[in-house]
Amino acid sequence: MSGGIVEVRRRSHPGAGRGRARMRPKGRHVEPRAADEVRTLLGGRPRRRDLLIEHLHLIQDRYGCLSAAHLAALAAEMRLALAEVYETTTFYAHFDVVREGEAPPPEVTVRVCDSLTCEMMGAQSLLQRLPGTLGSDVRVVRAPCMGGCDKAPVVAVGHAQVAHATPETVARAVAGDPLGSFDTGRLQCELNRVRQAHTKLSFNFTT
Ligand code: FES
């Protein structure tokens with residue numbers, strides 16, 4: 001993959017526009033291997049729907065992305081509609097959905113917030129400079145507000161945020177330098193925001 005900026009904001013999902021989603025996985029074969037992997041990863045964790053985002057994070061952290069096979073297996077394991085799992089996954093900019101036939105993303109993804117405050121504080125400059133600074137093994141993508149507007153511009157490297165980001169501090173964070181990244185608690189704020197959104201989505205699926 002080239003070092004260019006990749007657009008990952010996807011909002012489409014299977015079943016969109018086809019009316020009310022069913023409450024059981026439907027219309028997709030669950031691959032036995034993916035089912036085993038998801039079952040092993042979840043272990044003894046409850047399969048409650050309010051834990052969907054946590055379970056998605058487990059898969060993304062383990063495999064570096066969310067494949068169509070793993071999403072179908074997770075939907076079956078949690079007895080959720082596949083459309084609901086996709087809806088939640090594609091709503092959240094920090095998940096990397098890999099559809100059938102697509103190549104998985106590079107191991108490291110750097111997300112540059114381009115919402116209003118970060119935009120005013122230099123997001124575009126970062127988006128232009130980071131691919132050249134970080135090289136082709138690192139994917140640089142745009143992302144919505146991460147909740148750290150008072151420290152703009154903000155960049156996320158994995159689960160760590162870089163506040164007042166510069167190409168140099170982001171490069172240090174990518175290299176694993178703890179001085180170059182901090183404030184992971186902000187991601188928890190976003191997670192809470194997404195949980196609230198998911199609760200609303202779940203409500204829509206069940207009413
Ligand atoms: S606008 Fe970038 S973190 Fe809020």
Side-chain angles (χ1 to χ4, degrees), residues 1-13 50-61 64-66 86-98 105-202 204:
M1 176 176 293
S2 73
I5 301 162
V6 180
E7 180 59 64
V8 294
R9 283 177 172 166
R10 305 183 185 112
R11 292 292 181 268
S12 62
H13 65 88
D50 61 303
L51 296 177
L52 174 58
I53 291 178
E54 276 81 350
H55 295 343
L56 289 168
H57 271 293
L58 280 177
I59 298 172
Q60 166 123 346
D61 290 348
C65 60
L66 297 168
Y86 264 94
E87 185 81 53
T88 303
T89 307
T90 53
F91 177 83
Y92 187 27
H94 284 261
F95 288 132
D96 289 313
V97 179
V98 176
E107 201 168 314
V108 178
T109 294
V110 167
R111 291 181 164 80
V112 179
C113 172
D114 68 348
S115 292
L116 185 59
T117 308
C118 289
E119 177 77 17
M120 293 172 64
M121 297 300 288
Q124 289 306 319
S125 173
L126 287 170
L127 285 164
Q128 287 173 7
R129 295 172 62 192
L130 281 174
T133 301
L134 301 176
S136 58
D137 290 339
V138 177
R139 184 176 58 148
V140 178
V141 300
R142 300 172 184 273
C145 180
M146 302 176 188
C149 317
D150 57 326
K151 297 185 177 70
V154 177
V155 169
V157 180
H159 290 296
Q161 287 188 5
V162 181
H164 307 300
T166 66
E168 293 72 29
T169 57
V170 174
R172 287 166 58 190
V174 169
D177 181 349
L179 295 177
S181 62
F182 54 95
D183 211 11
T184 55
R186 291 289 184 181
L187 282 180
Q188 191 61 43
C189 296
E190 187 180 7
L191 184 58
N192 291 338
R193 180 178 67 78
V194 172
R195 273 203 193 100
Q196 291 171 359
H198 178 234
T199 300
K200 290 178 187 167
L201 283 172
S202 299
N204 288 336

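The shown structure was predicted, so the numbers you read here are calculated from the model rather than taken from an experiment. Note that ligands are numbered from 1 as they come in the structure, with each ligand's atoms numbered from 1 the same way.
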Contact between Thr117 and Met120 at the side-chain level, heavy atoms closer than 4.5 Å - yes or no? no

Closest heavy-atom contact between Arg111 and Ala143? CB-CB, 3.8 Å

Check the pair Val112 / Val141 against side-chain contact (heavy atoms from CB on, under 4.5 Å), numbers first and verdict last. CA-CA 6 Å; Val112 179; Val141 300; over 6 Å; no

Please list, in chain and residue-number order, the protein N/O/S atoms closer than 2.8 Å to atom 2 (Fe) of ligand 1. Cys113 SG, Cys118 SG

With sequence neighbours excluded, what pairs up with Glu107 under the side-chain contact (heavy atoms from CB on, under 4.5 Å) test? none

Please find the pair of heavy atoms, one from Cys65 and one from Pro105, that lie closest to each other, and give the distance. CB-CD, 3.7 Å

Using every non-hydrogen atom in the two residues, find where Ala173 and Val157 come nearest and quote the distance to one decimal. CB-CG2, 4.0 Å

